[in-house]
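Working notes for the structure below.
For clarity, every value in this text was computed on a predicted model and none was experimentally measured. Chain letters run A, B, ... following the sequence lines, proteins first, then strands; residues in each count from 1.
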Protein chains: 2
Amino acid sequence: MIYMRVTLSDVAREAGVSIVTVSRVINSSYPEKVSNETRLKVLETIERLNYRPNVMARGLQKGRTYLIGVAIVRVADSFFGDILQGIHDGAAAADLGVLLGTRRLDIGKDESALRELQSRGVDGIIYYGTTPNPKTAMKLVAEGLPLVQICNLHDHLNAPYVMVDHFRGAYMATEYLLQLGHRRIAHIGVHGGADPQGLQRLAGYQAALQAYGIEIDERLIVAADWNWESGYLAMQELYRRCKDVTAIFASSDFAAVGAMRACQVAGIEIPHDIALVGFDDLPFSAWLDVPLTTVAQPKEAMGQAAVRSLVGLIEEGSAPNVMFEPQLVIRASCGGNGKTRESRLQDQVSG
Amino acid sequence: MIYMRVTLSDVAREAGVSIVTVSRVINSSYPEKVSNETRLKVLETIERLNYRPNVMARGLQKGRTYLIGVAIVRVADSFFGDILQGIHDGAAAADLGVLLGTRRLDIGKDESALRELQSRGVDGIIYYGTTPNPKTAMKLVAEGLPLVQICNLHDHLNAPYVMVDHFRGAYMATEYLLQLGHRRIAHIGVHGGADPQGLQRLAGYQAALQAYGIEIDERLIVAADWNWESGYLAMQELYRRCKDVTAIFASSDFAAVGAMRACQVAGIEIPHDIALVGFDDLPFSAWLDVPLTTVAQPKEAMGQAAVRSLVGLIEEGSAPNVMFEPQLVIRASCGGNGKTRESRLQDQVSG
DNA sequence: GTGAAAGCGCTAACAT
DNA sequence: ATGTTAGCGCTTTCAC
């Protein structure tokens, strides 16, 4: 069977009125411009024919598609999944559709994803950049396409952003370790030039150390990536470099878990031998054998905020930047007064 | 600045040709119907003006949107994330856009998500149902909207499906435990009537036991949900019921991890005291303290297959059902010859 | 080879 | 209160 949609004119014909009248009934923008009798007749016909307005056709006329595009690295990822969920919920609330424009983690693949979204006529784009120099995004902004940056901030991109204060989050994590008495604190992080947020977290780590009068030891800073494996390898590298480390701030929970495993294998006990703090508060972090102390980002809230900003940009032409406060979630991986998973679960179950 | 797209007629005017000619240049369907000179001139103009075709307008004319809708429960989930990634990649390869139609886990919320997608004029829908009686989906199929079911199979829904053989996967998991010598094998699973796949996994578990001449003990079957907490609670319940269990087949890795934690807290050691098998092979399962033996589904491949099926359905009017084979991934949670995480990682790193 | 005209489903502006 | 006309950006006849 061929799929033929019911259109306005079908309804009009069936109801014995003109197309415009039906349109008026549908669009409440005409409160009392249709007689009650006609309105009822039309509504009945719509119901009977199972009519659904064609959003695309409406969009063509209005110059809007009521679609927003999301340009993120990939969706199969705990972190982006939460962000995307927030975006979706926010969009649903604003009657906007969400169009995926993912590209694989390859740096520089922004181009095609963004152009693709533009070509589909999205009203605006939520952009998670992975390039230090986001050329295509800048071009689109220059062309006037509403775009908001999420999580990552690009200096040269003239678009509002929604993100968490990475510097402050890293500072908080490091300071927490310092206050616990640690002095040899290592950092496993992402420092590729392409990742603004990784650099900000590094800077926060360094600033905290300096604030406590501790000299920065480059040997304690190990590069990793946003995944488990790299955290594992980074931990091995770190241990190769120096054995006197008592604490680690990892700039993502992925890396932290990888490091945890490397410790386990090497017979290093967490938190007894080494204290560990992560970043992001990913869903599994609370369910590890040693629940992870970490810096949480309000991921879903950020997704929703990004939609609100984008709507502002589309409709008012401007939107403020939104900076969320990170929050230190203290669990067991630094020992001390941290809550254990067990007590947390009791809270959860009883609460 | 207002965002005004460059249109065909802009290009035509600039290039001094008609709109149709430009359209012909764009659509390679007219191989040699345009003189080389004109073609070059037009292409140059397109480049200069940075023209991008308006996919929506094209769709309006063609009666297609080149958009497919994805109706899944939620995106912020390791499982759905992978599926969605597969769908996205498959769609990108077929030049299709992916529109999100998520609804929260509430049963019966299918309705609005599906209608919303229909209203946006998607060419077809990939559907993960959560209702035993998917009324809206059935109505859409009856109306002729191409729809393929993913992961879950609804008996009364006349639409092709792409999924893994849940029964067989559960059978394999249980048989593995049986071959390891276990006889008191419990099952933590999802048996709500709304979840076809949970029931199939239960059936596979039961069939394996029966094949080995073991009577089914209802006390060993505990209901859970697709999350950690419920696995944790289910394990506690199970242990309350009987203490002689030597193995557990959990019908999702989420539940398995929850059970693992409950064991840890209760001082039960895995795999020494109890062997554990999960289902789904979620990303974190390999990174647990005791890496989880589990039944893997080819999630991304299934997403891609679903797109191919949907394209077939849209373009040919039919598509075959696709049933993937589950695969038992043996790690450490059942002891014995299972690979440890450590050896796995060596493979990974060296390979 | 190229262009003019019609129309996809809808809404806005202007009648009546 | 209802209808007529025009046009959103594009593709598809059908002429030239």
Side-chain angles (χ1 to χ4, degrees), chain A residues 2-43 45-46 49-67 95 118-123, chain B residues 2-43 45-46 49-67 95 118-123:
Chain A
I2 295 172
Y3 177 51
M4 271 314 289
R5 293 180 60 142
V6 180
T7 72
L8 261 197
S9 71
D10 294 329
V11 177
R13 189 174 8 83
E14 283 287 319
V17 296
S18 82
I19 292 183
V20 208
T21 305
V22 183
S23 173
R24 286 199 181 108
V25 173
I26 293 166
N27 297 287
S28 42
S29 30
Y30 295 82
E32 297 306 335
K33 292 287 193 182
V34 178
S35 78
N36 231 305
E37 186 188 8
T38 315
R39 150 172 285 115
L40 254 43
K41 191 169 54 184
V42 169
L43 286 176
T45 315
I46 286 178
L49 264 45
N50 227 311
Y51 167 79
R52 305 253 124 201
N54 182 331
V55 180
M56 312 292 269
R58 177 182 290 167
L60 182 57
Q61 150 73 21
K62 294 241 205 188
R64 289 191 53 180
T65 53
Y66 302 96
L67 243 39
D95 262 315
Q118 180 194 25
S119 201
R120 295 211 183 258
V122 295
D123 293 344
Chain B
I2 295 173
Y3 178 50
M4 271 314 287
R5 293 180 61 142
V6 180
T7 72
L8 261 197
S9 71
D10 293 331
V11 177
R13 188 173 10 81
E14 282 287 319
V17 296
S18 80
I19 290 183
V20 205
T21 304
V22 182
S23 173
R24 286 196 181 110
V25 173
I26 292 167
N27 297 287
S28 42
S29 32
Y30 297 81
E32 296 306 334
K33 292 287 193 183
V34 178
S35 77
N36 231 305
E37 187 189 8
T38 315
R39 150 172 286 115
L40 252 44
K41 192 169 52 185
V42 170
L43 286 175
T45 314
I46 286 178
L49 262 45
N50 227 310
Y51 166 79
R52 305 253 125 203
N54 182 331
V55 180
M56 312 294 269
R58 176 181 292 166
L60 181 58
Q61 151 74 21
K62 293 241 208 188
R64 289 191 52 179
T65 53
Y66 302 95
L67 243 39
D95 262 316
Q118 181 196 25
S119 203
R120 293 210 184 257
V122 295
D123 293 344

What's the separation between atom OG1 in Thr21(B) and atom CZ in Arg24(B), rounded to the nearest 0.5 Å?
6.0 Å
Nearest-Å distance for atom pair CE/P, residues Met56(B) and dC10(C):
13 Å
Close N or O pairs between protein and nucleotides 6-8 of chain D (under 3.5 Å):
{"unit_1": "dG7(D)", "atom_1": "N2", "unit_2": "Gln61(A)", "atom_2": "OE1", "d": "2.7"}
{"unit_1": "dC8(D)", "atom_1": "O2", "unit_2": "Gln61(A)", "atom_2": "N", "d": "3.4"}

Any Thr38(B) side-chain nitrogen or oxygen under 4.0 Å from OP1 or OP2 of dT2(C)
yes
Is there side-chain contact between Ile26(B) and Tyr51(B), with at least one heavy-atom pair below 4.5 Å?
yes
Atom pair CZ (Arg64(A)) and CG (Asp123(A)), whose distance is rounded to the nearest 0.5 Å:
4.5 Å
Among the nucleotides dG9(C), dA1(D), dT2(C), whichever has the atom closest to the side chain of Asn54(A) is dG9(C)
Does the side chain of Ser18(A) get closer than 4.0 angstrom to OP1 or OP2 of dT4(D) through an N or O atom?
no
Give a yes/no answer on whether the side chain of Ser23(B) brings an N or O atom under 4.0 Å of OP1 or OP2 in dC10(D).
no
Is the phosphate of dT2(C), meaning OP1 or OP2, less than 4.0 Å from a side-chain N or O of Thr21(B)?
no
Which whole-number value in Å describes the distance from Arg24(A) CZ to dA13(C) P?
12 Å
Closest non-hydrogen atom pair between Gly121(A) and Thr65(A), with its separation
O-OG1, 2.8 Å
Determine whether any donor atom in the side chain of Arg39(B) lies under 3.5 Å from an acceptor atom in the base of dG1(C), or the reverse, and answer yes or no.
no
Counting side-chain heavy atoms from CB outward, which of dT2(C), dT11(C), dT11(D) is closest to Asn27(A)?
dT11(C)
So does Tyr51(A) get a side-chain nitrogen or oxygen closer than 4.0 Å to the phosphate oxygens (OP1/OP2) of dC10(C)?
yes
Select from Val20(A) and Gly16(B) the residue whose nearest nucleotide in DNA chain C is closer to the 5' end of that strand.
Gly16(B)
